[in-house]
Amino acid sequence: MWIEILVVMSMTLGRLQAQAGTEADGIQFLDEYNTKAGMVYNENVKAAWNYYTNITDENLEAMTASNLESAEFSKDVARNISARFPNWNTFTRADVRRQFKKLVDLGFSAINDTEKLKSISTLEAELTGIYSTGKVCLPEFGKGCLSLEPGLTDLMAESRNYQELAAAWKGWRDASGKKMKSKYTDFVNVMNEAIAFSGYNDTGEYWRSWYETPTFEQDVKNLYEQLRPLYENLHAYVRRKLMNKYGAQYFPDNGHIPAHLFGNMWSQEWVNIYDLVEPYPEATSVDITAKMVEKGYNITHMYRVAEEFFTSIGLDAMPEGFWTKSMLEKPADREVVCHASAWDFYDGEDFRIKQCTAITAEQLRVVHHEIGHVIYYLAYRKLPRIFRKGANPGFHEGMADIVSLSFQTPEHMKAIGLLDEIPTDDKSDLNFLLKMALDKVAFLPFGYLIDQWRWSVFNGATTPATYNHDWWDLRCKYQGISPPVERSEDDFDPGAKYHIPGNTPYIRYFVSYILQFQWHKALCDEIGYVGPLHRCDVYRDSAAGDLLRNMLMLGSSKPWQEAMEVITGSPEMSVLPMVEYFDPLLQWLKEQNKEENIGWSSICPTDIPSPDSPRSASGSSNIHPTALLLAGLILVLGIIFY
Ligand code: X8Z
Ligand code: ZN
């Protein structure tokens, strides 16, 4: 099959070579490329699907072979473009130039050593395999051996036992990241070696190039800085509540929160501890999980509910094959990669989701997210193959999440029968906003820091000797959290987060958390909504769907700034809609935090209280870092003058 495709391709290209490389020839070349690329990548995605839904050595080998063949195909195309159309960048049509530009940017495939290319593919698959098959046994807590989904995820969400949470937290890192360090080191080296053939200084530079913005690093830093006060206030409020729950003796002196107390394995979103931090228990809060169970939700129903949101605004339904070919449940008979993902098979018909879906509110959010990705695939399915991507990677994630802002409103919960009465009082409104912040605000530093670490690994500033140390530096600095047990370079905690072994860039999620609020506001304006942004639900309004579609259908055919302009009227990323959304909560948090020392020392603590023998409660007041600094200064001065 591959050989046939390559032979036909070479013949075609050979035929074109005999002619002049005019723009008309270039357009014909692209047409033929699109037909063939559809077939090549379809086979490639199928091979990957087979491995991700059935982790075996044979499937790994087949996927690697397929990866090598599609890399060979891409290289062949790029070689032919250089030979036949050396002056493609003088062509008049911008869309034609843009296709050529993307086709000659080969990424890792540019390396001339097939063995090295093969090891990139194999290492990535092996690392993902280690992550996806990890198990943690907790007999001391009356538990058997648990995998990440659903076992450990549920435990982290539901347990309120400090020691049990710490054991699961450490156990997962022992079962996953700790087994990866040397493979990951090799992986980084070989990727960097390969990407140099494409003219990039390192892999991080290559990943950032997808944003087509020279100031991208500085831009995201500025966005993060503008949102920092929101996070710091949420952090201080949650810290007080968690101290009250677990006891101050477990909290380090520098203002940090132990990382295993947030209801989530990575402390990346904190919705599962809503019960511990609820502002007004006497007012209304929607327990969506309980309601789903009460209403008899099953897995298919969850996907139908998400699909119906999109069709209600005039976007596409899932194609028939989606329902038969997707993996929506964790199979009992084999190992799979449970981390949820949506798949485009590049034939314009085959779109699937792979998710180990459980019947919880958290998973209902993920279901909407994955369906959102498929809606984007469907919107751009008719574009040339090379443009079938988000305008930038953050756009895809933003699209996947935008519905979460409508979907979770009390108005929407009522509309779909998960809430009986829409509350109108301020206390219920704050309950709702705080829950949203536990998802959207808590995530910001996490979304920002993952690739700070990876960019630093790729550019060599972080070496294997300090992989874990530098990881925790960032976790301490940005999230204000500390590990619950001692860490060392024998550990490799980055590897305990899917996207590190899975090699999925992460800054896209940070970008998406900004974009989704901008777009939500744009859609709400479009439908003529009047009222607080956080209560807007665009459900059943086709004006919202029309505006969204206009942006989605561009795929990556234009620089993202143009796609952005289509939906918001401006080419810029801006935090203002997110700030507007959470402003009532920020004012309330400031009031609650009057007695608190907002913030934390950016340095990781050296005195981590152990889960088994926490220090005495008196030694663990939350002393402000400035106070510590002053005390130190006085001590030093005292010694000098003495
Ligand atoms: O990985 C995902 C999605 C698939 S693109 C489930 N997310 C990030 C994560 O789980 O860490 C969604 C939000 C952040
Ligand atoms: Zn996603």
Side-chain angles (χ1 to χ4, degrees), residues 48 52 128 131-132 148-150 152-153 156-157 172 176-177 207 210 259 262-272 302-303 306 310 326-328 330 336-344 351-358 360-378 389-405 407-408 436 438-454 475 478-479 493-517 519 552:
Y52 279 70
T128 304
Y131 183 93
S132 301
L148 181 63
E149 292 187 43
L152 291 166
T153 304
M156 294 307 290
W172 174 244
S176 56
W207 285 2
W210 302 336
F262 294 99
N264 176 276
M265 186 57 91
W266 309 275
S267 338
Q268 70 181 69
E269 53 99 0
W270 307 346
V271 181
N272 292 322
M302 289 165 74
Y303 287 86
F310 289 101
S326 289
M327 186 200 93
L328 304 182
K330 184 173 181 172
V336 301
V337 177
C338 267
H339 191 87
S341 50
W343 296 58
D344 181 351
F351 303 93
R352 307 181 200 173
I353 287 176
K354 174 187 67 55
Q355 187 175 339
C356 298
T357 319
T360 64
E362 189 177 348
Q363 288 274 302
L364 187 59
R365 277 204 313 277
V366 181
V367 168
H368 281 82
H369 179 99
E370 299 307 335
I371 294 263
H373 278 308
V374 179
I375 296 288
Y376 209 158
Y377 298 151
L378 289 166
K389 279 196 168 155
N392 70 38
F395 268 57
H396 232 296
E397 300 306 330
M399 169 54 201
D401 262 6
I402 187 171
V403 165
S404 66
L405 300 179
F407 180 78
Q408 294 180 80
M436 293 304 289
L438 294 174
D439 176 3
K440 305 292 180 189
V441 177
F443 182 80
L444 293 169
F446 185 80
Y448 181 65
L449 74 83
I450 302 288
D451 280 352
Q452 299 297 316
W453 180 82
R454 231 172 346 191
R475 297 268 270 167
Y478 288 108
Q479 286 185 282
D493 294 332
K497 174 65 197 164
Y498 174 76
H499 301 69
I500 302 294
N503 206 31
T504 310
Y506 211 83
I507 198 70
R508 60 184 57 179
Y509 301 107
F510 176 76
V511 169
S512 103
Y513 274 52
I514 311 289
L515 298 182
Q516 60 192 262
F517 285 90
W519 299 347
L552 301 177

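In listed order, ligands and their atoms are each counted from 1. When reading the values below, keep in mind they use all heavy atoms of this one structure, side chains included, and skip hydrogens, waters and symmetry mates. Everything numeric here is computed off the predicted structure, so don't read it as measured data.
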task: Show which atoms of ligand 1 fall inside a sub-4.0 Å distance from at least one heavy-atom site of H373.
output: 5 (S)

query: Which residue from E269, H339, R365 reaches closest to atom 1 (O) of ligand 1 through any of its heavy atoms?
result: H339

Atoms in ligand 1 flagged as close to A340, the criterion being non-hydrogen separation under 4.0 Å: 4 (C), 6 (C)

Proximal ligand 1 atoms for E397, defined as those under 4.0 Å from one of its heavy atoms: 5 (S)

field: ligand 1 atoms in contact with K497 (distance to a heavy atom under 4.0 Å)
entry: 9 (C), 10 (O), 11 (O)

- request: Considering the heavy atoms of H369, write down every atom of ligand 1 situated less than 4.0 Å from one of them.
  value: 3 (C), 4 (C), 5 (S), 12 (C)

- request: Taking 2.8 Å as the upper limit, name the protein N, O or S atoms near the Zn ion (ligand 2).
  value: H369 NE2, H373 NE2, E397 OE1

- request: Return yes when atom NZ of K389 has more than 12 non-hydrogen atoms of other residues, nucleotides or ligands closer than 6.0 Å, and no otherwise.
  value: no

field: Ring centroid separation H396 to Y377 under 6.0 Å
entry: yes

message: Please list, in number order, the atoms of ligand 1 under 4.0 Å from a heavy atom of Q268.
response: 9 (C), 10 (O), 11 (O)

Heavy-atom side-chain contact between Y448 and Y513 under 4.5 Å: no

Residues R365 and D439 bridged, charged N to O under 4.0 Å: yes

Using atom types as modelled, flag every donor-acceptor pair under 3.5 Å from a side chain in residues 496-504 to any protein atom, sequence neighbours excluded.
unit_1	atom_1	unit_2	atom_2	d
K497	NZ	Q268	OE1	2.8
H499	NE2	Y509	OH	3.1

- prompt: Does the side chain of V367 come within less than 4.5 Å of Q355's, by heavy atoms?
  reply: yes

- prompt: Do you see a donor-acceptor pair shorter than 3.5 Å between the side chains of Y303 and T357?
  reply: yes

message: Any heavy-atom pair between the side chains of L405 and K440 that's under 4.5 Å?
response: yes

task: Name the closest protein heavy atom to atom 6 (C) of ligand 1, giving the residue it belongs to and the distance to 0.1 Å.
output: E370 OE2, 3.3 Å

task: Measure from atom 7 (N) of ligand 1 to every heavy atom in W266, Y506, Y509 and give the option owning the shortest one.
output: Y509

- prompt: How far apart are the closest heavy atoms of G263 and N272, and which atoms are they?
  reply: O-ND2, 3.0 Å

query: Any side-chain donor-acceptor pair under 3.5 Å between H373 and E397?
result: yes

